[in-house]
Amino acid sequence: MRDVIIIGAGTAGLTAAIYALRAGKSVLVLEQGTYGGQIVNTPKVENYPGIEQISGYEFASGLFKQAEKLGMEYRNEKVIGVRQEGTCKVVETEGEIYEAVALVLATGAKNRPLGVERETELTGRGISYCATCDGMFFRGKKVAVVGGGNTALEDAAFLSNYCEQVYVIHRRETFRGEDKLVKELREKANVEFLLNKTVQELKGDTTLQAVMLRDKNSGEVSRLEIDGLFVAIGQVPENGIFADLLELDEGGYIVAGEDCRTNVEGIFAAGDCRRKTVRQLTTAAADGAVAALGAAQI
Ligand code: NAP
């Protein structure tokens, strides 16, 4: 029986581990992939207070080392179910069953797919959801980024350093991402904005060769020849395994307030998996601290 089990080792989960360990609790962190969460794919973090600039990977590594040094127990296992037995919380992974006094769910969110035909087939064959992971394969080539949030803008900036041409395809005229990033991109000679456009079709036999774009105002369809398409249109949560136990909202996010408390006593939701309006590194870290301190009092 652990004091606290944390599911997910992104910024929220690892921050929760640090706070719970510092509160003297035994902590098990379960992660199905690699630690760090979404931030590891961000080349430059420039808006975390007190740190002028750091790579997402470096940031995540720092968090992990800090938690490890404090005594975090870390296991690379996929959680398949969570249930309540009396006041005890039971977590089932593919190979083990664990028990805890309190749980912190920090499962984040996964990349939202475009939902266009042949997207799965061409993923890894010209389509990518991670510019920092796959950008190098497109050195000197023509690529496009879809999306108008910070991820798309940062991806475009990163790719513009290596690629011959970068197109930013966005379905509206204005951006959800920061003005500063938009301005910086506008000044780059090899970046072009294609606004009010959506990707309608993917072309290419075995690898992506072009996309058909539909102009939202005129309805006109045009062909854009590219070697790579980076999809950065936000995230969707992966909270299906908690649906029997916890209240989820219409988007699938766990319903919990700023205190991170869910509808079940002793279960907390932290970071991007929680219903909230601002999803930033700072708010993920803040959630991790709030959830862990709540969990430490159970
Ligand atoms: P986001 O802010 O939710 O933006 C998603 C973008 O994709 C929006 O521009 C949206 O268009 C567009 N979109 C959504 N569905 C689409 C579809 N089916 N087809 C075409 N376009 C679609 O997502 P994000 O950029 O991944 O960012 C997620 C959160 O992480 C945000 O809070 C962001 O600020 C944060 N973030 C922070 C940093 C940082 O602090 N360094 C870096 C990256 C991300 P509309 O605008 O028209 O809805």
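All ligand and atom numbering here is 1-based and tracks the order in the structure.
Closest to atom 19 (N) of ligand 1, if we only count protein heavy atoms, is R171 NH1, 4.0 Å. Protein heavy atom closest to atom 47 (O) of ligand 1, with residue, atom name and distance, is R172 NE, 2.7 Å. The protein heavy atom nearest to atom 31 (C) of ligand 1 is R279 O, 3.5 Å. Among protein heavy atoms, the minimum distance from atom 36 (N) of ligand 1 is reached at N150 CB, 3.9 Å. Considering only non-hydrogen protein atoms, atom 9 (O) of ligand 1 sits nearest to G148 N, 3.0 Å. The protein heavy-atom contact nearest to atom 34 (O) of ligand 1 is Q280 NE2, 2.5 Å. Of the protein's non-hydrogen atoms, the one nearest atom 23 (O) of ligand 1 is G234 CA, 3.4 Å.
Within the 4.0 Å heavy-atom cutoff, K44 does not count among the residues contacting ligand 1. Contact between N47 and ligand 1 is present, with at least one heavy atom of the residue lying under 4.0 Å from the ligand.
Between D227 and K142 there is no salt bridge, since none of the side-chain N atoms of the basic residue sits less than 4.0 Å from a carboxylate O of the acidic one. A salt bridge is defined here as a Lys NZ or Arg NE, NH1 or NH2 lying under 4.0 Å from an Asp or Glu carboxylate O, and E184 with K180 meets this definition. Taking 4.0 Å as the cut-off between side-chain N and carboxylate O, R83 and D244 do not count as a salt-bridged pair.
Put simply, the side chain of R214 never gets that close to the backbone of S222: no donor and acceptor are under 3.5 Å apart.
A pairwise comparison of heavy atoms in D3 and G24 identifies OD2-O, 4.4 Å as the closest pair.
Each of the following atoms of ligand 1 lies closer than 4.0 Å to a heavy atom of E154: 39 (C), 41 (N), 42 (C). Residue T151 approaches ligand 1 through these ligand atoms, each under 4.0 Å from one of its heavy atoms: 24 (P), 25 (O), 26 (O), 27 (O), 43 (C), 44 (C). Near I233, the atoms of ligand 1 lying under 4.0 angstrom from a non-hydrogen atom of the residue are 5 (C), 7 (O), 13 (N), 14 (C), 15 (N), 16 (C), 17 (C), 18 (N), 20 (C), 21 (N), 22 (C).
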For residues 7-19, please give each side-chain donor-acceptor pair under 3.5 Å, one per line with the distance, not counting sequence neighbours.
unit_1 : atom_1 : unit_2 : atom_2 : d
T15    : OG1    : T11    : O      : 2.6

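Taking 4.5 Å as the limit, every side-chain heavy atom of L246 sits out of range of all side-chain heavy atoms of V255.
By the 30° and 60° cut-offs, the orientation of the rings of F193 relative to F175 is perpendicular.
Of the listed options E173, R176, Q235, R176 places a heavy atom closest to atom 2 (O) of ligand 1.
Residues passing the disulfide (SG to SG under 2.5 Å) test with C88: none are found, sequence neighbours excluded.
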